[in-house]
Q: 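This is the structure, below, for whatever I ask next.
If you're wondering where the values come from, they're calculated on a predicted model, not measured in any experiment. Side-chain atoms are counted along with the backbone in the values below, which use heavy atoms only and exclude waters and symmetry mates. Just so we're on the same page: letters track the sequence lines, and every chain starts at 1.
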Amino acid sequence: MSRPPFPSGWSSIPLSLKNLTLANSLPVGQSFLWHRHAIASSTPGCPTEEFSRAVDNPPRVVCLRQSPSHLYYTGVYPNEHDALADLRRGITKDWVNDYFQLKAHPELEKMYDDWRARDPELFGKVEVNKRAVGVRVLRQDPWECLIAFITSTNNHIPRITSLLHRFSQSFSPPLVTLHNPDNDGETTYHLFPTPTALPTKLEALLRSMGFGYRASFIESSLQTLEEEFKEEIEAGLLRWRNQDVDTVREKLVALKGVGRKVADCVMLMCMDKPSLIPIDTHVAAIAARHPAFPSRLRNKPMSKQVYDETQQFLLDRWGPMGGWCQAVMFAADLPEPKPKVKVVKTKVNTSVTVKRKLEEVSPTLNLKRTRSATRLELKQTRTIVTDEVKMEE
DNA sequence: CAGGTC
DNA sequence: ACTGG
């Protein structure tokens, strides 16, 4: 089957990059299941890349593109009937407005003005980064978001991404297969699995899939949610949007694998709690850069006390939309995504020299020194790049 | 060592 | 304590 099976047709919304930049909002550690492809035959002034993912109610693939003046969207359906219904009722249009919170928070630039005035020290300095432009907090599905952030603990973003894709492919049937817009192969899309689609003996399966100790957290949390909501977990979690922060936090933290940080992430990103500032190692480091950051909190290991005080410090700086400001700061501080180039390395023996020098400085090498020496050696070989070759498109 | 948690 | 980008 080739693209497009049953597209609802491309539509557009006038929208500036300052109000939303897809590339700065979708792949920055809040949502993990978007596919990203370059567009093969793009002309100047037109979109250069496409983001796409499976979305439910009704099941389809939502594709997004962006130019400096417009956001383009379409739903691609496995059957014609639903595609026509989308066109008639504007289903994907409504979904885009809800997901990016364009109606609830239409003026992102006004928020930036506010944060700049409140916190010239931190925000004012970070916002000049082009990766800080148009960062929006997404309004995500609570069930998916919960599983995603239980999975996130002690994991890199690329690894969280691959685990969640594996999760979707394993427990949700293929929805539709589309040719990639870069003309490089095709992608089979899967909805995020519903709780009822998950098998018994989930923990063992998740462990074999690479979830590690988070496997038991997910199985336990699922069981707890089944006891509370029976077959209606997703609808039950959606209802938490209407309750206050302290009530919801209590319920979230009661789940295995959900502590303060994960609970704050879930509430910020899918429960309409825009003031919440999740404190991870990254945000803690950002806070520590502020001249007014209390010295007694500097270089302290994370604890409930340090968490609360750091969060309060940032809330005082960033105000009632503090969680959104945090999203900007976090996105701008992320390492640049790896460019798709094949790096041809020539290994030169300078690494040996470096290692020997270290040994000379400290003849009694303990384990830690050996490890740092290895890392230094790796860095040294990586800097010697003789050629870069663009990957075949 | 990673958007921490048990 | 799991595990690999």
Side-chain angles (χ1 to χ4, degrees), chain A residues 24-33 131 135 137-138 140 144-167 202-221 223-224 249-250 252-270 276-288 300-308 310-311 314 322-340 342-343 367-368 370-376 378-379 382:
Chain A
N24 291 345
S25 301
L26 296 179
V28 294
Q30 43 175 337
S31 180
F32 302 92
L33 289 171
R131 290 164 54 78
V135 179
V137 170
L138 310 169
Q140 302 188 68
E144 176 183 327
C145 201
L146 177 65
I147 299 303
F149 280 93
I150 291 176
T151 305
S152 80
T153 60
N154 229 317
N155 266 161
H156 296 272
I157 290 172
R159 193 164 139 71
I160 302 164
T161 302
S162 77
L163 284 170
L164 291 171
H165 272 116
R166 217 174 293 169
F167 185 79
L202 181 61
E203 179 183 345
L205 271 164
L206 291 177
R207 274 192 181 275
S208 73
M209 289 163 61
F211 279 76
Y213 53 76
R214 299 159 203 84
S216 62
F217 296 166
I218 291 173
E219 180 166 275
S220 165
S221 288
Q223 195 180 340
T224 305
R249 179 178 284 141
E250 198 177 341
L252 282 170
V253 170
L255 302 171
K256 288 280 153 48
V258 182
R260 271 296 294 270
K261 189 267 171 184
V262 168
D264 285 351
C265 280
V266 171
M267 286 191 285
L268 169 65
M269 298 178 197
C270 55
L276 287 181
I277 303 168
I279 308 298
D280 57 82
T281 52
H282 212 80
V283 174
I286 290 171
K300 280 286 177 65
M302 193 50 68
S303 63
K304 193 192 181 303
Q305 179 83 356
V306 173
Y307 189 100
D308 284 340
T310 303
Q311 188 174 55
L314 291 178
W324 284 54
C325 185
Q326 170 272 163
V328 178
M329 305 297 282
F330 186 92
D333 249 47
L334 240 37
E336 289 282 346
K338 283 184 205 163
K340 277 209 168 184
K342 213 182 262 177
V343 178
L367 256 172
K368 262 194 173 167
T370 310
R371 229 190 298 153
S372 65
T374 309
R375 195 176 305 145
L376 190 54
L378 274 170
K379 268 189 186 165
R382 273 200 197 134

Q: Are the side chains of T151(A) and F32(A) in contact, using a 4.5 Å heavy-atom criterion?
A: no
Q: Does a side-chain heavy-atom distance below 4.5 Å link L206(A) with F167(A)?
A: yes
Q: For F149(A) and dG3(B), is the gap between ring centres under 5.5 Å while the planes differ by less than 30°?
A: no
Q: Is there side-chain contact between D280(A) and F330(A), with at least one heavy-atom pair below 4.5 Å?
A: yes
Q: Over how many whole Å does the gap from L252(A) atom CG to dG4(B) atom C1' extend?
A: 15 Å
Q: Tell me: NZ of K300(A) to C1' of dG4(B), nearest whole Å?
A: 19 Å
Q: Any base atoms under 4.0 Å from V266(A), or only sugar-phosphate, or nothing? Heavy atoms, all strands.
A: nothing
Q: Does S162(A) or T153(A) map to a spot on DNA chain C nearer the 5' end, using the closest nucleotide for each?
A: T153(A)
Q: Over all strands shown, is P278(A) touching base, sugar-phosphate only, or nothing at heavy-atom distances under 4.0 angstrom?
A: base
Q: Just checking G29(A): base, sugar-phosphate only, or nothing, at a heavy-atom cut-off of under 4.0 Å?
A: base
Q: So how far is it from Q305(A) CD to T310(A) OG1, rounded to the nearest 0.5 Å?
A: 9.5 Å
Q: Just to be sure I understand the rule, does M269(A) reach a base, reach only the sugar-phosphate, or reach nothing, if contact means heavy atoms closer than 4.0 Å?
A: base
Q: Expressed in angstrom and rounded to an integer, what is the separation of I218(A) atom CD1 from dC2(C) atom C1'?
A: 13 Å
Q: Could you state the CZ-C1' distance from R214(A) to dG3(B), rounded to the nearest angstrom?
A: 12 Å
Q: Treat a base pair as Watson-Crick or G-U wobble with both distances under 3.5 Å, then lay out DNA chain B in dot-bracket form, 5' to 3', with | for cross-strand pairs.
A: ||....
Q: Closest-nucleotide mapping onto DNA chain C: is G212(A) or P158(A) further toward the 5' terminus? I mean the 5' end.
A: G212(A)
Q: Choosing from dT3(C), dC6(B), dG3(B), which nucleotide comes nearest the side chain of F217(A)?
A: dC6(B)
Q: Contact class for S216(A) (heavy atom, under 4.0 Å): base, sugar-phosphate, or nothing?
A: nothing
Q: What contact category does R260(A) fall into here, base, sugar-phosphate, or nothing, at under 4.0 angstrom with non-hydrogen atoms?
A: sugar-phosphate
Q: Whole Å only: how far is the CE atom of M302(A) from the P atom of dT5(B)?
A: 10 Å
Q: Rounded to whole Å, please give me the gap between CD in E203(A) and C1' in dC6(B).
A: 13 Å
Q: Tell me the interatomic distance from Q311(A), atom CD, to dG3(B), atom C1', rounded to whole angstroms.
A: 14 Å
Q: Distance check needed: dG3(B) C1' versus L268(A) CG, whole Å only.
A: 12 Å
Q: Spell out yes or no: do the side chain of H156(A) and the base of dG5(C) have one donor N/O and one acceptor N/O closer than 3.5 Å?
A: yes
Q: To the nearest 0.5 Å, how far apart are CD1 in I279(A) and CD1 in I286(A)?
A: 9.5 Å
Q: Looking at dG3(B), dG4(C), dA1(C), which one has an atom nearest to any side-chain atom of Y213(A)?
A: dA1(C)
Q: Describe the nucleic acid contact of L255(A) in one word from base, sugar-phosphate, nothing, applying a heavy-atom distance below 4.0 Å.
A: sugar-phosphate
Q: Let me check something: any side-chain donor-acceptor pairs from residues 253-269 of chain A under 3.5 Å, sequence neighbours excluded? List them with distances.
A:
| residue | atom | partner | partner atom | Å |
| --- | --- | --- | --- | --- |
| R260(A) | NH1 | D308(A) | OD1 | 2.7 |
| R260(A) | NH2 | D308(A) | OD1 | 3.1 |
| R260(A) | NH2 | Q311(A) | OE1 | 2.8 |
| D264(A) | OD1 | R249(A) | NE | 3.4 |
| D264(A) | OD1 | R249(A) | NH2 | 3.0 |
| D264(A) | OD2 | Y307(A) | OH | 2.7 |
| D264(A) | OD2 | Q311(A) | NE2 | 2.9 |

Q: Using heavy atoms to find the nearest nucleotide of DNA chain B for V283(A) and V253(A) separately, return the residue whose nucleotide is more 5′.
A: V283(A)
Q: Please lay out, stage by stage, how R214(A) and N154(A) fare under the test side chain to side chain contact (heavy atoms under 4.5 Å, CB included).
A: CA-CA 10 Å; R214(A) 299 159 203 84; N154(A) 229 317; 3.8 Å; yes
Q: Side chain of Y307(A), base of dG4(B): donor and acceptor closer than 3.5 Å?
A: no
Q: Under the side-chain contact (heavy atoms from CB on, under 4.5 Å) test, which residues partner A288(A), sequence neighbours left out?
A: F293(A), R298(A)
